[in-house]
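Hydrogens, waters and symmetry mates are skipped; everything else that's a heavy atom, side chains included, is used.
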Amino acid sequence: MKKFGLQTVIILIVGFIVHQFLPFWGTAVIAAVVGLLFRYENSAASFAAGFAAGSLLWGTYAGLLNSGNLSFLSNMLGELFKTNGAYLVYATGLIGGLLGGMGAITGTLARKMFEKDSPSVA
């Protein structure tokens with residue numbers, strides 16, 4: 001559980017910094033690099049940490065931008081899609097979570113692919 005929280009916090013902090021300079025896919029790259037650094041027996045834990053960090057990062061940022069313009073843009077887009085504008089903020093958090101989770105699990109599986117488990121019996 002300690003690794004989970006540490007991985008989530010590292011992805012959040014570094015992802016926030018990188019998000020200022022790179023496009024949206026920077027979150028996935030950071031999550032993959034951090035996922036590469038942490039060793040998990042179960043890859044789902046790495047996905048969950050990346051998902052939590054990505055959804056918090058993107059959801060919070062979208063919520064702050066939405067409240068900064070008094071929900072004007074999200075309400076206009078909500079009318080276009082015939083839904084409540086707040087659902088678009090939630091959808092942004094969900095997409096960010098999937099992006100972070102997929103990045104983290106990619107890093108974890110890449111680590112498992114290149115590490116040597118045990119000597120092979122020839």
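Among residues two or more places apart in sequence or in another chain, the ring pair (Phe, Tyr, Trp, His ring centres under 6.0 Å) test is passed with Y61 by H19. Shown here are the side-chain hydrogen bond (donor to acceptor under 3.5 Å, both in side chains) partners of T106, two or more places apart in sequence or in another chain: there are none. Applying the side-chain contact (heavy atoms from CB on, under 4.5 Å) test to L77 and every residue at least two apart in sequence or in another chain returns L73, L80, L88.
Counting heavy atoms from C-beta on, the side chains of R39 and E115 come closer than 4.5 Å. Residues W58 and L99 meet the side-chain proximity criterion, which asks for heavy atoms closer than 4.5 Å.
Here salt bridge (charged side-chain N to carboxylate O under 4.0 Å, His left out) pairs that include residues 49-69, with residues two or more places apart or in two chains, number zero. Here side-chain hydrogen bond (donor to acceptor under 3.5 Å, both in side chains) pairs that include residues 74-92, with residues two or more places apart or in two chains, are N66-S74.
In the displayed structure, F38 atom CZ is contacted under 6.0 Å by more than 12 heavy atoms of other residues, nucleotides or ligands.
Of all the heavy atoms in A53 and I11, the pair that sits closest is CB-CG2, 3.5 Å. Considering every non-hydrogen atom in both A49 and F4, the closest pair reads N-CE1, 3.1 Å. Counting all heavy atoms, side chain and backbone alike, G35 lies closest to Q7 at CA-NE2, 3.6 Å. The minimum heavy-atom distance between A31 and G100, with the atom names listed, is CB-O, 3.4 Å. Counting all heavy atoms, side chain and backbone alike, S46 lies closest to T108 at OG-OG1, 2.6 Å. Scanning both residues, T8 and A52, for their nearest heavy atoms gives CG2-CB, 4.2 Å.
In this structure, CG in L57 is found 10.5 Å from CD1 in I30, a value given to the nearest 0.5 Å.
Panel note: side chain S71, backbone S67; no donor-acceptor pair is recorded below 3.5 Å.
In terms of hydrophobic clustering, with Ile, Leu, Val, Met, Phe, Trp and Tyr side chains grouped at heavy-atom distances under 4.5 Å, I13 and I10 are assigned to different clusters.
Members clustered with L109: F47, F51, L94, L98, M102, I105, by chain and number, using a 4.5 Å side-chain heavy-atom cutoff among hydrophobic residues.
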| query | Going through the checks in order, is the side chain to side chain contact (heavy atoms under 4.5 Å, CB included) test met by L65 and N69? | reply | CA-CA 7 Å; L65 290 177; N69 65 15; 6.0 Å; no
